[in-house]
Structure formats: structure tokens, C-alpha cells
Amino acid sequence: VELNVGLLGLGTVGAEVAERLLAKRERMAARTGVDLILRRVLVRDLERPRGIPTELISGQAEDILDDPSVQVVVEVMGGEEPARSYLERAIRSGKHVVTANKVVMAKHGPDLLELAGSKDVDVYFEAAVGGGIPLISTFKVDLIANEIESIAAVINGTTNYMLGRMASAGISFDEAVAEAQAAGYAEADPSADVDGFDAVYKLSILASIAFGARVHPDSVFREGIRAVEPLDFRYARELGYEIKLLAYSARPKGRIEARVHPAMIPLHHPLATVEGAFNAVQITGDLVGDVLLWGQGAGGRPTASAVVGDLLDVAHSIRKGSFNRVAMRFDADPAMLPMAEVRTKAYFRLRALDQPGVLAAVGTVFAEEGVSIASMIQKDSIEEGTAELVFTTHPASDAGLQKARGRIADLDQVKRVCAFLRVV
Ligand SMILES: NC(=O)c1ccc[n+]([C@@H]2O[C@H](COP(=O)([O-])OP(=O)(O)OC[C@H]3O[C@@H](n4cnc5c(N)ncnc54)[C@H](OP(=O)(O)O)[C@@H]3O)[C@@H](O)[C@H]2O)c1
């Protein structure tokens, strides 16, 4: 089978995709029976030298979208628009699409998938979550017999790298941002990563596929890592935890819970051992139990692995004359569990006057808000006349934890609630 491919974008990911298609064409054809032919590549800047034959390069999307010989459009441009419109146009003209675009898939994935269903074409997006880690196909194919119970993941490499550096080198958030930028992990504007947006997009895609429901990114609870301080890593370690940006989704009693926030994860938990820019996703299914996928969640080559793998899948389904649109129905308006009702354990660090009665006052607030204390440690404070108090709690509703947090901050004897983290 021959498959004519149009590529939108020739950046970090696109260049690796083009390289693999051009350099390994014969080998892939011999191995898979599919001849992937790169027809044309869209870029913005026509002046920049590129490592591929110039006749393949174009500055006009029409050269790909309106070329009837192009059977598959690969979108690796990024951004919401015009990427979404290009994908829609490709689908409407009967082309299969492969995309690495998490923003488009998180916000518009179900619409594109449904449109593709009506046009008898496929939308593949393995690369949109977790780079080269095979996640989408795992849900779509391998775990399809399961009711998925939960997804717990470290899916943002940039923040994982930063938190790792803050833990091991004791550096501040700002220093960690600077290091991550120097290492090429963080953008000039790090907000998408450090404020949790990137992880929210990925979780919304995973939860949508896992639960067959539109889990819109706006309905995912989001808290980034800006408030985590170096001291918290020390206490976390003492208490037996690592601090990670956790992405978690589950469906307790029919309602979908979906949240991204920094969390203390027990040292023995597999997600606690995910180092540097790596990603890991733990999936729990009712038949299979726990499955752990771990690997490079970003980078041109790992991501190209997913993109080219999708292309070969498309080619196979064309050859078989059956498209892989299984299990892509989405509950349009699923019931979501409000964050206030989510129950977690928690960690509080506060600075209080070093006086009698403080513990009693704090304890009363916790009790009144239905929060039961699991442990308390008192530490010397850097500030004269104050003490640093660290509490961990048993599971309590987030509403109760937040009310306690506010009321403790308002106590006369308490100068500041320095940190609040949810605990796994
Ligand atoms: N990089 C990763 O590690 C990674 C991992 C997983 C997923 N992804 C996703 O993959 C996609 C691409 O990421 P990337 O890192 O490869 O991006 P990138 O390096 O910025 O490359 C983007 C490419 O698209 C072209 N482009 C962008 N907007 C365009 C427009 N309006 N018209 C024509 N061409 C346009 C750019 O052209 P010029 O070359 O002319 O500027 C460039 O070649 C994104 O959706 C990203 O989220 C990336």
C-alpha cells in the first residue's frame, strides 16, 4: 500500500517525522508493507534552510489540504488556530489526520472524532499525550475490555524536572524555572507548564478516552506549582514523600473526578520515582488491575515515534478497509465531581507565635471543619518568637480542608499558612 502524507509543520517534532519518513522509507515499507510517501510540508518561514528537499516545502496550507492525492494530513504545528481549522478541513475532504496537538484535542477532540466518524476517516493523536509513550492506543485497544477506575499520572516533564531540582538542589521556584529554560525544557513564558495548563490538557484527553465522556479542560481542577517552597521538600522527605505535579482522574459512583495539582506522593509509590523530564501514567482497570506506562513524554524523536506509528496504523486500516473508529463515542455532558467534594489527605505548614494555646486553637478549627489530624511536627522557625508547625491530616473533603486553611490563617496566633499540599 502507498500512503501519501502531507505534513503541517517542520519544527522539533515535524523535522523528526520528516527525517524518519524520508530516511527509513524502504525499511518501513519492507517491514510493514506500507510505503509512506511524504508529498509536501507546510512551514511558516520559507527562507529558513531545512534538511529536506526544497521542492517538498510550501508556505500554503492549500497545497496540502486541497491536494486530492494527499490521503493523510499530519499536523505538528501546534497552537489552537489555524491548526484546528486545518484538521477540520482535512477531515471534511475525506483525509485521515494524525495530530500531536494536545490543545486542539483537549478542547475539540470529541468534535473532530465525531466529524471523522461521519466522513469515514480516522483521527489519530497518540503524540498529543505523553510523547512517545503509547497511551491512547493502550486505552483504545489493549484495555478496552476494562472499566477504567482511575488514572494517576506525572505528565508534565518540565515541572517534574523543576520539582526534582528543587528537591535535590534546594533551589527556589524562580531558579528552577531559569534552569529548566536553560535546559530547553521550559518556554520563555513558563505558564503553560508551571500553572498546570499542559497537564490539564493531557489529563482531559486521557480521561475523555478512558471514560468515554467529554472531559473539557475547563472542568478539570487546576493548581500549578508556583506556591511550593524549598522547605516543603525537606519536610516531605522527612515524612516519606516526594512532591510531584499530579494529574488524577477517576469515576467514583458515576461522577468524573479530574484534577491537576502538586501533591505529596509516598516514596514507595511508582509515580514518586519518576525523575527529570520523564512521564509516567498509572492506569487502574477493573479487570487488569494496575498498569504502569513510563517513558519520555516529550522531545522530537519520542514524539515522532508516536506520530509515525499512527501513520502506519492508518495505513493498515486503509489496507484492511476498516477504520479504527471503535469506542469513540462520548457522553456529551458527563456529571463531574466538584473539587469541594473530593476527599484527600493534606499537609499544612504554618508559622505561628511560639505561645501556649496555639495547638489547641488550630486543633479546634480542624475538628470543626471535619478534618482529623494524622501527625504534627514542630520545627524551629527562621523568625524569632515563632514556630513552624507541620500537620498532616486523614482524608477530608476539599471544602473542609480549604475552610480550615482559611480559618487557621485568620487565627490571631498564626502569622501565615505557608504551605498547603494534598497528599496521596
Ligand atoms: N516538542 C515536543 O517535545 C512535543 C511533544 C509532544 C507534542 N508536541 C506537540 O507537537 C506540536 C508541534 O510541536 P513542536 O515542538 O514541533 O513545535 P515547533 O518546533 O514550534 O514547530 C512548529 C512548526 O509548525 C510551523 N507552523 C507553526 N504555525 C504555522 C502556521 N500558522 N502556518 C504554517 N506553519 C506553521 C512552524 O513553521 P516555521 O518552522 O516556519 O516556524 C514549525 O515548522 C505541538 O502541538 C506540540 O504541543 C510537541
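Remember, it's 1-based here, ligands and their atoms both numbered in the order they're listed.
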- Message: Taking only non-hydrogen atoms of Glu75, do any sit less than 4.0 angstrom from ligand 1?
- Response: no
- Query: In the protein, which heavy atom is nearest to atom 8 (N) of ligand 1, and how far is it?
  - Reply: Ala100 O, 3.9 Å
- Query: Does a donor on one side chain and an acceptor on the other come within less than 3.5 Å for Thr12 and Glu16?
  - Reply: no
- Query: Does any N/O atom on Leu42 come nearer than 3.5 Å to any N/O atom on ligand 1?
  - Reply: no
- Item | Greater than 12 external heavy atoms within 6.0 Å of Arg349's CZ | yes
- Task: Report yes if Gly11 has an N/O atom closer than 3.5 Å to an N/O atom of ligand 1; otherwise report no.
- Result: yes
- Task: Flag yes if more than 12 heavy atoms outside Glu147 fall under 6.0 Å of its CD atom; otherwise flag no.
- Result: no
- Query: In terms of residue, atom name and distance, what is the protein heavy atom nearest to atom 16 (O) of ligand 1?
  - Reply: Val13 N, 2.9 Å
- Determine, for Asp67 against Arg40, whether the closest basic-nitrogen to carboxylate-oxygen distance falls under 4.0 angstrom. no
- Note on the structure: For atom 19 (O) of ligand 1, the closest protein heavy atom turns out to be Thr12 N, 2.9 Å
- Taking Asp331 for its side chain and Arg214 for its backbone only, find out whether a donor-acceptor pair lies under 3.5 Å. no
- Should you measure from each heavy atom of Gly299, which atoms of ligand 1 turn up under 4.0 Å away? 2 (C), 3 (O)
- Note the single closest protein heavy atom to atom 12 (C) of ligand 1, along with its residue, its atom name and the distance in Å. Val76 O, 3.3 Å
- For atom 44 (C) of ligand 1, the protein heavy atom that lies nearest, with its residue and separation: Gly78 CA, 3.5 Å
- Do Glu175 and Ser172 have side-chain N/O donor and acceptor atoms under 3.5 Å apart? yes
- Query: Nearest non-hydrogen atom to atom 34 (N) of ligand 1 belongs to which of Arg48, Gln296, Arg44, Glu16?
  - Reply: Arg44
- Message: With no hydrogens and no angle check, just 3.5 Å: does a side-chain donor-acceptor pair link Asp193 and Tyr185?
- Response: no
- Item | Which segment of Thr303 sits under 4.0 Å of ligand 1 when only heavy atoms are counted | side chain
- Message: Please check if the number of heavy atoms outside Asp333 that lie under 6.0 Å from its CG is greater than 12.
- Response: no
- Task: Could you see which bit of Arg50 sits under 4.0 Å from ligand 1, with heavy atoms only: side chain, backbone, both or neither?
- Result: side chain
- Any atoms of ligand 1 less than 4.0 Å from a non-hydrogen atom of Asp45? List them with their elements. 40 (O)
- Query: Quick one: does ligand 1 sit under 4.0 Å from the side chain of Pro82, the backbone, both or neither, non-hydrogen atoms only?
  - Reply: side chain
- Item | Donor-acceptor under 3.5 Å (Thr393 side chain, Ala346 main chain) | yes
- Min over Val41, Leu10, Val104 of heavy-atom distance to atom 43 (O) of ligand 1 lands on Leu10
- Sub-4.0 Å atoms of ligand 1 with respect to non-hydrogen atoms of Ala127: 6 (C), 7 (C)
- Message: In terms of relative ring orientation, are Phe348 and Phe366 parallel, tilted or perpendicular, with 30° and 60° separating the classes?
- Response: perpendicular
- Can you check whether Lys102 has an N/O within less than 3.5 Å of an N/O in ligand 1? yes
- Task: Say whether Gly9, considering both its backbone and side-chain N or O atoms, lies within less than 3.5 Å of an N or O atom on ligand 1.
- Result: no
- Message: Does either side chain, that of Asp290 or that of Thr284, offer a donor lying less than 3.5 Å from an acceptor on the other one?
- Response: yes
- Interfacing atoms of ligand 1 (cut-off 4.0 Å, heavy-atom, Asn101): 45 (O)
- Item | Closest approach of any protein heavy atom to atom 22 (C) of ligand 1, naming residue and atom | Met77 O, 3.5 Å
- Query: Do the charged groups of Arg84 and Glu88 touch, with an N to O distance under 4.0 Å?
  - Reply: yes
